[in-house]
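Numbering of ligands and ligand atoms starts at 1, following listing order.
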Amino acid sequence: MNGKTILVTGGAGYIGSHTALALIKNGYDVVIFDNLECGHIETVDTLKNLSSYRGRIIDFIKGDLKNPEEVSSVFIRYKIDTVVHFAAYISVEESVKNPQKYYENNIVGSMNLFSEMIKHDVNKIVFSSTAAVYGEPKSSEALQENHEKYPINPYGWSKFMVEQILSDYSKINKIKSAVLRYFNVAGANSEAIIGEWHNPETHLIPNILRATNGKTFQLFGNDFDTKDGTCVRDYVNVEDLADAHLLALDYLESGGISDCFNIGTNEGNTVKEIFDICERVLEQKINVKICERREGDPAFLVACNNKAQKILGWTPKRSIEDSILSAYKWQAKLAEKK
Ligand code: UFG
């Protein structure tokens, strides 16, 4: 055991649960705090029952970051070393329709968390941010962290504002932060222990995979200014992403200063390319219908990950084929649960 206890907010969700698993594999003890609005108790139970690792899930607390007493109780009960903060609403479309919900949850919730951290002398955090902070990129080049930030929806703004709050808190030595800006996260645990489980599912790869049973996949827009007319995204494997959090913890632990890092692969795939790869690796034809563009989709979002490589020592190891296959195995397991 490395003896450290990490608080994972949103640990019952997709990326949070994969990171919690990576943490216990690496000897950390983990307290999961989640209101289960989007996360799943089954995921927490699965993680709790894993007993062959050096670390373990020492507790699950059903609680809401919007409730300061619930947050406070965690810090009273456990000596937390570092917080890894995922808990947030993540739907771009919903954020446009209901910005108040996003600002209250993602910003006020985060501020409650930070206040309790400060009160209880917990001063390190890894924060889950997003490529959505860049908005509509100015060119079709891989984005560096210093690219202009101008989100185009309340979800992106909520994450960007929290980044700003953390940056200001860091300047007065209250909290030190490693901000990870994820690009498009894909795949599942390679043994299908846990995986992506959203209701409703809006993401590309699970939606293509769900169409393998004879349904039709809807492709949103083939008239973008890209090589085949469909949007380009940078798909990063969820287990590689979880590893980035471990490296960010090491970075903070070893005295690294507050900073932000793109977590992507330096490579883009169009929606059509992803669809073709799915057909190839699954060796099956999938029905597709070209539909209108979805509102607010930028044409091109690809990370330059040089900073994460250089400073955190992170490199993506798994291919897009690995992500698609692990997602497929997990989808099959999920279908059995329903
Ligand atoms: N797409 C389809 N059909 C689908 C689902 C998606 O054609 O059924 C297309 C989208 O139009 C887009 C691409 O596939 O061009 C990727 O869409 P996703 O919904 O999988 O991912 P996004 O790029 O929209 O969103 C991701 C994260 C967000 C984050 C955003 C940053 O999921 O949390 O990147 O821009 F905000």
Side-chain angles (χ1 to χ4, degrees), residues 10 13-16 38 86-96 99 102 105-106 127-137 140 142-143 147 149-163 180-188 196-212 215-238 241 262-265 268-278 286-303 320 323-324 327 331:
Y14 173 40
I15 304 169
C38 306
F86 297 95
Y89 292 134
I90 59 158
S91 162
V92 168
E93 199 182 358
E94 187 187 41
S95 79
V96 175
Y102 276 67
N105 189 67
N106 295 4
F127 175 58
S128 154
S129 190
T130 169
V133 300
Y134 297 112
E136 180 82 55
S140 58
L143 298 170
H147 183 280
K149 263 79 66 193
Y150 197 81
I152 52 172
N153 49 62
Y155 166 69
W157 276 113
S158 73
K159 290 285 182 177
F160 186 46
M161 288 180 198
V162 175
E163 284 195 11
L180 304 184
R181 294 185 185 138
Y182 316 150
F183 282 64
N184 286 58
V185 187
E196 185 166 13
W197 189 355
H198 295 123
N199 279 325
E201 186 52 80
T202 58
H203 294 96
L204 176 66
I205 293 174
N207 279 352
I208 297 175
L209 299 178
R210 282 174 186 204
T212 52
K215 290 193 197 140
T216 299
F217 163 68
Q218 299 192 313
L219 192 162
F220 301 132
N222 65 351
D223 56 352
F224 289 90
D225 185 15
T226 60
K227 61 180 171 184
D228 62 18
T230 66
C231 292
V232 176
R233 294 288 183 275
D234 181 338
Y235 294 88
V236 57
N237 178 276
V238 69
L241 175 60
N262 285 340
I263 305 296
T265 69
N269 280 110
T270 66
V271 173
K272 179 138 195 337
E273 282 170 341
I274 296 290
F275 179 83
D276 291 345
I277 299 170
C278 287
I286 302 169
N287 298 325
V288 54
K289 179 172 176 236
I290 307 296
C291 303
E292 290 291 297
R293 285 184 184 201
R294 197 172 63 175
E295 205 182 321
D297 274 340
F300 188 94
L301 267 182
V302 175
I320 184 68
S323 293
I324 289 169
Q331 287 287 334

For ligand 1, is there an atom lying under 4.0 Å from some heavy atom of Tyr235? yes

Pick, from Tyr182, Tyr134, Phe300, Phe220, the option with the minimum heavy-atom distance to atom 4 (C) of ligand 1. Phe220

Tested for side-chain contact (heavy atoms from CB on, under 4.5 Å) against Phe183, the lone hit among Leu143, Thr130, Val302 is Leu143

re atom 3 (N) of ligand 1, the protein heavy-atom contact at minimum distance is Gln218 O, 2.8 Å

Side chains of Asn222 and Thr230 only: does a donor on one sit below 3.5 Å from an acceptor on the other? no

Out of all atoms in ligand 1, which are within 4.0 Å of some heavy atom of Val92? Include the element for each. 36 (F)

Atom 15 (O) of ligand 1 [closest protein heavy-atom partner, distance rounded to 0.1 Å]: Cys231 CB, 3.1 Å

On the ring face of Phe224, is Arg293 found with NZ or CZ under 6.0 Å from the centre and within 45° of the axis? yes

Taking N or O atoms only and a 3.5 Å limit, does Thr130 qualify as a polar contact for ligand 1? no

Tell me the protein heavy atom at minimum distance from atom 24 (O) of ligand 1, and give that distance in Å. Arg294 NH2, 2.7 Å

Is the shortest heavy-atom distance from the side chain of Tyr134 to the side chain of Asn262 under 4.5 Å? yes

Start with the C-alpha distance between Ser128 and Tyr182, add both sets of side-chain angles, then the distance that settles side-chain hydrogen bond (donor to acceptor under 3.5 Å, both in side chains), and finish with yes or no. CA-CA 7 Å; Ser128 154; Tyr182 316 150; 3.3 Å; yes

Minimum distance, heavy atoms only, to atom 27 (C) of ligand 1: which one of Glu201, His203, His198 is it? His203

Considering only heavy atoms of Ala132, which atoms of ligand 1 have at least one such atom less than 4.0 Å away? 31 (C), 36 (F)

When you measure from the side chain of Asp234 to the backbone N and O of Ala303, does any donor-acceptor pair fall under 3.5 Å? yes

Determine whether Pro206 and His198 make a side-chain contact, defined as any pair of heavy atoms from C-beta on separated by less than 4.5 Å. no

Could you tell me the residue and atom name of the protein heavy atom closest to atom 23 (O) of ligand 1, and the distance to it rounded to 0.1 Å? Arg233 NE, 2.7 Å

Which protein heavy atom lies closest to atom 5 (C) of ligand 1, and at what distance to 0.1 Å? Thr202 O, 3.2 Å

Evaluate whether atom CD of Glu93 has more than 12 neighbouring non-hydrogen atoms of other residues, nucleotides or ligands under 6.0 angstrom away. no

Could you name the option among Ile205, Leu204, Asp297, Val232 that has the heavy atom nearest to atom 11 (O) of ligand 1? Asp297

Is any NZ, NE, NH1 or NH2 atom of the basic residue among Lys149 and Glu163 found under 4.0 Å from an Asp or Glu carboxylate oxygen of the other? no

Atoms of ligand 1 less than 4.0 Å from Leu219 heavy atoms? 7 (O)

Taking heavy atoms and a distance under 4.0 Å, where does Val185 meet ligand 1: side chain, backbone, both or neither? neither

Please list the nearest protein heavy atom to atom 28 (C) of ligand 1 with its residue and the distance rounded to 0.1 Å. Tyr155 CE2, 4.4 Å

Heavy-atom contacts with Ile90 under 4.0 Å: which atoms of ligand 1 show up? List them by number with element. 33 (O)

Please walk me through it: do Tyr155 and Glu94 pass side-chain hydrogen bond (donor to acceptor under 3.5 Å, both in side chains)? CA-CA 8 Å; Tyr155 166 69; Glu94 187 187 41; over 6 Å; no

Nitrogen or oxygen of Phe217 less than 3.5 angstrom from that of ligand 1: no

Protein heavy-atom partner closest to atom 8 (O) of ligand 1 - residue, atom, separation in Å: Asn207 ND2, 3.0 Å

Pull out every atom of ligand 1 sitting under 4.0 Å from any heavy atom of Leu301, numbered as shown with elements. 31 (C), 35 (O)

Step by step, would you call Lys227 with Glu273 a salt bridge (Lys or Arg N to Asp or Glu O under 4.0 Å)? CA-CA 10 Å; Lys227 61 180 171 184; Glu273 282 170 341; 2.7 Å; yes

What protein heavy atom sits nearest atom 26 (C) of ligand 1, and how far off is it? Asn184 ND2, 3.6 Å

Closest heavy-atom contact between Ala87 and Gly10? CB-N, 3.7 Å

